[in-house]
There are 2 protein chains.
Amino acid sequence: MNTEADYLNQYDASRFPSPLVTVDSVLFTLHQQALCILVVERANHPQKGYWGLPGGFIDMARDDSTRATAMRKLTEKTGVSPSWLEQLDTFSGPDRDPRGWSLTVTWFALIAWADCEPHIASVSDARWVPIARLADYSLAFDHQKIITAALHRLRQKTMYSLLPVYCLPETFTHGQLQEATEVILGQSIQRKSLIRRFEASGMFEETGESMATGTRKARLWRRKPGVDIHLFSRNLLTD
Amino acid sequence: MNTEADYLNQYDASRFPSPLVTVDSVLFTLHQQALCILVVERANHPQKGYWGLPGGFIDMARDDSTRATAMRKLTEKTGVSPSWLEQLDTFSGPDRDPRGWSLTVTWFALIAWADCEPHIASVSDARWVPIARLADYSLAFDHQKIITAALHRLRQKTMYSLLPVYCLPETFTHGQLQEATEVILGQSIQRKSLIRRFEASGMFEETGESMATGTRKARLWRRKPGVDIHLFSRNLLTD
DNA sequence: CGAATAGTGTCTGTAAGACACTATGTT
DNA sequence: AACATAGTGTCTTACAGACACTATTCG
């Protein structure tokens with residue numbers, strides 16, 4: 001007799017060698033017209049003292065998916081949940097970690113700077129780094145490659161959606177969204193095109209309030225609750 | 001003294017519990033105007049007798065990435081390398097496999113039916129199933145969910161690239177590409193639009209040969225060697 | 001020649017790019 | 001009032017949709 005129940009009774013996972021599994025996230029924000037990434041100084045070996053992405057091991061007792069692991073680690077470092085969190089890619093191989101064959105499930109996240117600044121300012125090991133300054137940091141493992149992939153994803157999605165709103169505070173103006181989009185894409189865009197898309201997306205509602213960012217007051221908007229992101233069928237900046 | 005070398009000397013991966021890690025692929029092809037997926041009958045527990053995606057454990061001695069694992073498993077089942085292979089997503093959680101907390105890195109692949117039919121016909125455990133017939137099969141684990149994600153990816157990419165060419169033989173006609181695209185999208189498309197994109201992509205060259213699929217002979221084309229896939233800035237079928 | 005599929009010409013429709021214009025608030 | 005930023009009107013451009021047209025091959 002050899003039922004599945006018999007098999008499972010005798011099954012011992014520790015008999016099989018397994019890769020080292022981690023979860024890492026690339027969290028972006030915008031601050032002072034710069035696109036920034038959250039990096040953490042490594043307190044332990046391996047690569048102690050290097051800077052790395054926020055992440056770590058899965059806690060199988062608490063996490064019911066790698067999304068939960070990513071969320072838990074980001075919340076530990078920032079004090080809040082990211083506004084946007086999607087899976088990026090899985091990186092693996094025998095040489096990327098000195099402890100052996102390893103695999104990291106990576107996530108791509110966005111948050112408003114103001115939402116987490118108080119918490120980040122209070123912990124010394126996490127820091128926002130403008131992407132133009134990343135070269136000043138010694139990054140652990142293949143984290144530079146992961147960041148490059150995340151940046152590519154962010155720029156692609158910015159071309160066919162209004163993803164940058166997830167880098168903004170709960171209420172925001174057209175001007176702030178335009179600035180966010182321009183910082184991410186690294187070039188100026190047509191305000192008219194952005195506003196046309198903003199309206200067509202059906203994702204937003206006016207708060208009724210307005211705010212003076214420049215000289216004239218600008219209307220404030222928020223994301224409609226429960227409304228999903230809208231994907232456009234054409235890209236911005238199609239050159 | 002506590003150097004990284006000391007740390008690595010004392011490091012014992014087996015002390016830490018680790019999720020069960022697998023790699024699974026969704027391989028699509030086109031046959032007789034139907035979009036098909038390769039499924040394999042499970043010879044061992046768990047879920048023995050159910051059908052599942054081609055995949056399995058990482059062989060850390062031989063595979064230098066999960067891509068290599070996916071490629072190795074697909075080659076075992078089909079006899080050839082897929083024409084297209086990209087990472088899809090990672091699925092994880094405590095309940096998806098009865099052996100415990102598990103994680104599968106999934107890949108999305110395309111191949112021409114004729115390239116692997118001789119090999120598949122010779123092995124009894126692998127089978128092409130038209131997606132409309134998947135309901136007739138008892139699928140293992142969360143493989144239905146993985147297939148749904150792969151199908152979504154295939155359809156999306158078909159809207160903004162000529163990805164379906166990777167389901168065709170090395171040389172093919174405009175008509176075959178149109179048929180492939182229509183089968184994948186489940187609706188007819190404008191031949192003129194397809195040919196405009198085909199030319200604009202710069203991905204193809206004429207073989208000089210032609211072929212009678214219908215009454216009149218059609219020109220044969222192939223992918224230019226070393227040329228990457230072209231992504232269009234607008235979608236087809238934007239309704 | 002007619003039938004069927006291969007392939008082209010060209011008009012329409014839609015949404016982005018460009019940019020001038022008007023509106024509103026601050027000094 | 002001057003000015004700077006908010007927001008609109010509208011022309012142009014690029015490319016997909018529609019569909020009629022011509023071309024080729026076979027019976």
Side-chain angles (χ1 to χ4, degrees), chain A residues 33 155-162 164 168 171-182 185-221 230-239, chain B residues 33 155-162 164 168 171-182 185-221 230-239:
Chain A
Q33 326 226 78
R155 288 185 173 140
Q156 279 303 118
K157 286 195 106 141
T158 297
M159 304 274 269
Y160 62 82
S161 75
L162 297 174
L168 300 179
T171 68
F172 58 90
T173 66
H174 287 155
Q176 290 175 304
L177 178 56
Q178 182 178 356
E179 187 186 290
T181 305
E182 291 179 339
L185 295 178
Q187 68 189 276
S188 60
I189 59 163
Q190 292 286 329
R191 187 177 45 208
K192 181 72 188 192
S193 297
L194 187 73
I195 293 174
R196 271 192 297 236
R197 290 172 83 125
F198 192 86
E199 284 171 2
S201 73
M203 288 174 64
F204 308 100
E205 61 190 14
E206 279 197 69
T207 64
E209 309 289 301
S210 56
M211 180 187 166
T213 44
T215 47
R216 173 178 168 182
K217 280 200 258 176
R219 284 182 274 173
L220 281 166
W221 302 81
H230 183 267
L231 305 182
F232 298 93
S233 63
R234 298 191 191 180
N235 282 0
L236 230 38
L237 303 175
T238 64
D239 45 342
Chain B
Q33 324 227 77
R155 287 185 173 139
Q156 278 302 120
K157 286 195 106 141
T158 297
M159 304 274 268
Y160 62 82
S161 75
L162 297 173
L168 299 180
T171 68
F172 58 90
T173 67
H174 287 155
Q176 289 175 304
L177 178 56
Q178 182 178 357
E179 187 186 290
T181 305
E182 291 178 338
L185 294 178
Q187 66 189 278
S188 60
I189 59 164
Q190 292 286 330
R191 187 177 44 206
K192 181 71 189 188
S193 298
L194 187 73
I195 293 174
R196 271 194 296 237
R197 291 171 82 122
F198 192 85
E199 284 171 3
S201 73
M203 288 174 64
F204 308 100
E205 61 190 13
E206 280 198 69
T207 64
E209 308 288 302
S210 55
M211 180 186 164
T213 44
T215 46
R216 173 176 167 183
K217 280 200 256 176
R219 284 182 277 173
L220 281 166
W221 302 80
H230 184 268
L231 306 181
F232 298 93
S233 63
R234 296 192 192 178
N235 282 0
L236 229 38
L237 305 175
T238 64
D239 45 341

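Any value given below was found using the heavy atoms of this structure, including those in side chains, with hydrogens, waters and symmetry copies removed. Just so it is clear: chains get the letters A, B, ... in the order the sequence lines come, proteins before strands, and each one is counted from 1.
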field: Given D/dT5, D/dG7, C/dT8, the nucleotide with the shortest approach to the side chain of A/Thr215
entry: D/dT5

- prompt: Do the side-chain N or O atoms of B/His174 get closer than 4.0 angstrom to the phosphate oxygens (OP1, OP2) of C/dA6?
  reply: no

task: Ignoring hydrogens and angles, answer whether the base of D/dG7 and the side-chain atoms of A/Arg216 contain a donor-acceptor pair closer than 3.5 Å.
output: no

Between P of D/dA23 and CZ of B/Arg191, the distance in whole Å: 15 Å

field: Parallel, tilted or perpendicular, as decided by the 30° and 60° cut-offs, for the rings of A/Phe198 and A/Phe204
entry: parallel

message: What I'd like to find out is whether the side chain of B/Leu162 reaches to under 4.5 Å of the side chain of B/Leu194, using heavy atoms alone.
response: yes

- request: Measure from CD on B/Glu199 to P on C/dG9 and round the result to the nearest Å.
  value: 10 Å

message: One character per nucleotide, please: for nucleotides 14-19 of chain D, 5' to 3', B when the base has a protein heavy atom closer than 4.0 Å, S when only the sugar-phosphate does, - otherwise.
response: BBBBBB

message: Measure NZ/A/Lys217 against P/C/dA23 and give the value in whole Å, please.
response: 18 Å

query: Is A/Gln187 close to A/Leu237 at the side-chain level, that is, under 4.5 Å between some pair of heavy atoms?
result: yes

query: Under 4.5 Å between any side-chain heavy atoms of B/Met211 and B/Phe172, yes or no?
result: no

message: I need the CG-C1' distance between A/Leu185 and C/dG17, as an integer number of Å.
response: 15 Å

- prompt: Say you draw a straight line from CD of A/Gln176 to OG1 of A/Thr181; how long is it, rounded to the nearest 0.5 Å?
  reply: 11.5 Å

task: Please indicate whether A/Lys157 has more than 12 foreign heavy atoms, meaning atoms of other residues, nucleotides or ligands, lying under 6.0 Å from its NZ.
output: yes

message: Check whether A/Ser233 reaches the backbone of B/Asn235 with its side chain - one donor and one acceptor, N or O, closer than 3.5 Å.
response: no

message: Whole angstroms only, please: what is the CG-P distance between A/Leu177 and D/dA6?
response: 12 Å

- prompt: Say you draw a straight line from CD of B/Glu179 to OG1 of B/Thr173; how long is it, rounded to the nearest 0.5 Å?
  reply: 9.0 Å

statement: Taken to the nearest whole Å, CD/A/Gln176 to P/D/dT5 is 14 Å

- request: Specify the separation, in whole Å, of atom OH of A/Tyr160 and atom C1' of C/dA15.
  value: 18 Å

- prompt: Using the C1' atoms of five pairs at each end, what's the angle between the two axes of the helix from C/dC1-D/dG27 to C/dT27-D/dA1, to 10 degrees?
  reply: 10°

- prompt: Can you find a side chain N or O atom of B/Arg219 that sits less than 4.0 Å from OP1 or OP2 on C/dG7?
  reply: yes

task: Whole angstrom is fine here: how far is it from CZ in A/Phe172 over to C1' in D/dG7?
output: 16 Å

Non-hydrogen side-chain atoms of B/Ile195 and B/Gln178 separated by less than 4.5 Å: no

